[in-house]
Amino acid sequence: MRNLLETLRPEGLLPQADVLLAWLKTTDREAVSRLYEAAFRIKNERSGPGVFLRGLMEISNRCQKNCLYCGIRHQNAATLRYDLSEEEILQLGRKAAELGYASIVLQGGERTDNKFVSKITRLLQGLKNIELKSGVDGGTRKPHQAKGLGITLSLGEQTEEVYREWYEAGAHRYLLRIESSDPELYGKIHPNDRLHAYERRIEALEALRRVGYQVGTGVMIGLPFQSEEHLVNDLLFFRQMDIDMCGMGPYIPHHDTPLAVHAHLIPSAERRLDLSIRMVALLRMLMPNINIAATTALQVLSDRGRELAIEAGANVVMPNLTDLLYRSNYDLYDGKPGASVDADLTDSPFARYLQERNIPILRGEWGDSMHYFARQRD
Ligand code: SAH
Ligand code: SF4
């Protein structure tokens, strides 16, 4: 393999599988630090110097699916189920606006019944009517029709009609992770039925794009049966799908799930963290103008997990706004951060870290993906 450092071009990395694989495998710490520096630099040049904030609301842990890795899967009888009421969610929206947020994420288990779909539609209309704090206007990069809170949804697979209904009601970004882009590995971490079919996931991602959303996807890193070659193909998949946003994080076993029996097969916590940060940096080098999240799961493996991701080119952070009462039941994986994560962030170690490094926190902007605007122009 030729010198790895020579693959770091000012305009990024070429999408070559052998180069990406070498970057995931190298034990040369010095070279990896240079990769992170290059990714951080290219993020500043192509996506701006700041970090965007979105307030995360975990609106319900009821789910019709049974993903084998997830703690809130339907068949996990040990989970105490909750649904935030419409008023509670609107209240969280008002809290977000008071804290100066211009963007929120509504995340929850997957449900496709009419009652749920229309609840979300009504909520979107209500959330769009919340006044933002004075001085906050969604920022300068907003699409021309922008007003009110910027809203990202992460509510699983729905029909194209439902995606359109929610888009028209005011959502404009959607996160739906592919979890693994390899159909065979996908099959090993999901039940083998129509509801969990790989093809449906792909169809849903395509439908989101057709409707007009900024589309985000992502994978879990360090899954049982997953190799570095799988991860390289995930990176190439993101490029091929021309995604606008990405959220990737380490797989963290949940004790009440079927996949946890294979926990002895997964890489160490240190390696999963390291691989996750390398994936962030490599994706930034491949797709300089997309939004990449420094995900919550990183924090489970290290207090500095999110900071490391920012240093490797991530530019979005999603502080949790959900009331602590419910938060503990939104139990996707073991050790999910609870009370220590402060939605206000003003006096947190994370905020201090950003200040020390002169990285502006762009709380009062929608923070849309530059890549989305670039593809609108094309
Ligand atoms: N139901 C929606 C959104 C909620 S789940 C959906 O599935 O799209 C959000 C994300 O949590 C999933 O996409 C998955 O990548 C992540 N997740 C679930 N269980 C996890 C685990 N054990 N370790 C790490 N991430 C997990
Ligand atoms: Fe439900 Fe999402 Fe968990 Fe799958 S990952 S069980 S769809 S909440």
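Residue numbers start at 1 and run along the sequence shown. Start at 1 and go down the list; that is how both ligands and their atoms are numbered.
- Listed by number with element, the atoms of ligand 1 under 4.0 angstrom from any heavy atom of Tyr330 are 4 (C).
- A cation-pi arrangement, defined by a distance under 6.0 Å to the six-membered ring centre and an angle within 45 degrees of its axis, is present between Arg357 and Phe40.
- Heavy atoms of Ile72 found under 4.0 angstrom from ligand 2 belong exclusively to the side chain.
- Remark: Asp28 CG is packed, more than 12 non-hydrogen atoms of other residues, nucleotides or ligands lying under 6.0 Å away.
- Close contacts between ligand 1 and Cys70 involve ligand atoms 19 (N) [criterion: under 4.0 Å to a heavy atom].
- Counting heavy-atom neighbours within 6.0 Å of Gln91 CD, excluding the residue itself, gives a total above 12.
- Under a 4.0 angstrom heavy-atom cut-off, Cys63 registers as lying outside contact with ligand 1.
- The closest protein non-hydrogen atom to atom 19 (N) of ligand 1 is Tyr69 CD1, 3.4 Å.
- Residue-level proximity to ligand 1 for Ala297 is absent, since no heavy atom of it falls below 4.0 angstrom.
- Scanning all protein heavy atoms for the shortest distance to atom 26 (C) of ligand 1 gives Met220 SD, 3.6 Å.
- Side chains of His371 and Asp242 form a contact here, defined as non-hydrogen atoms less than 4.5 Å apart.
- Cys70 lies close to atom 3 (Fe) of ligand 2, since one of its N, O or S atoms is found at a distance under 2.8 Å.
- The shell of residues lying under 4.0 angstrom from ligand 1, judged by heavy atoms, excludes Gly249.
- The closest side-chain heavy-atom distance from Ile104 to Met57 is below 4.5 Å.
- Those atoms of ligand 1 with a heavy atom of Pro250 less than 4.0 angstrom away are 24 (C).
- Summary of contacts: the protein heavy atom closest to atom 2 (C) of ligand 1 is Gly108 O, 3.4 Å.
- Atoms of ligand 1 found under 4.0 Å from any heavy atom of Ser154 (numbered from 1 in listed order, with element): 3 (C).
- The contact set between ligand 1 and Arg177, taken as ligand atoms under 4.0 Å from a residue heavy atom, comprises 13 (O), 14 (C), 15 (O), 16 (C).
- For atom 4 (Fe) of ligand 2, a protein heavy-atom neighbour is found at a distance under 4.0 Å.
- Annotation: cation-pi geometry not satisfied between Arg62 and Tyr82 (NZ/CZ under 6.0 angstrom from ring centroid, within 45° of ring axis).
- Residue Leu175 has no N or O atom closer than 3.5 Å to an N or O atom of ligand 1.
- Distance from atom 7 (S) of ligand 2 to its nearest protein heavy atom, with residue and atom name: Cys63 SG, 3.6 Å.
- With no hydrogens or angles considered, a side-chain donor-acceptor pair links Glu311 and Tyr353 at under 3.5 Å.
- Put simply, the residue from Trp366, Trp166, Tyr167 that forms a ring-ring contact (aromatic ring centres under 6.0 Å, His included) with His172 is Trp366.
- Shown here is Asp193, whose CG atom has more than 12 heavy atoms of other residues, nucleotides or ligands within 6.0 Å.
- Without hydrogens or angle criteria, Ser118 side chain to Asn114 main chain gives a donor-acceptor distance under 3.5 Å.
- Looking only at protein heavy atoms, the nearest one to atom 11 (O) of ligand 1 is Leu332 CD1, 3.5 Å.
- For atom 7 (O) of ligand 1, the nearest protein heavy atom (residue, atom name, distance) is Arg201 NH2, 4.0 Å.
- Here the protein heavy atom with the shortest distance to atom 21 (C) of ligand 1 is Ile252 O, 3.5 Å.
- Checked by atom type, the side-chain pair Asn291/Ser369 shows no donor-acceptor distance below 3.5 Å.
- For Glu179, a nitrogen or oxygen atom sits less than 3.5 Å from a nitrogen or oxygen atom of ligand 1, counting backbone and side chain alike.
- Other residues, nucleotides and ligands contribute over 12 non-hydrogen atoms within 6.0 Å of the CZ atom of Arg81.
- A salt bridge between Arg111 and Asp113 is present, with a side-chain N of the basic residue lying under 4.0 Å from a carboxylate O of the acidic one.
- Atoms of ligand 2 lying under 4.0 Å from at least one heavy atom of Cys67, given by number and element, are 4 (Fe), 5 (S), 6 (S), 7 (S).
- With hydrogens left out, the protein atom closest to atom 9 (C) of ligand 1 is Gln107 NE2, 3.7 Å, a heavy atom.
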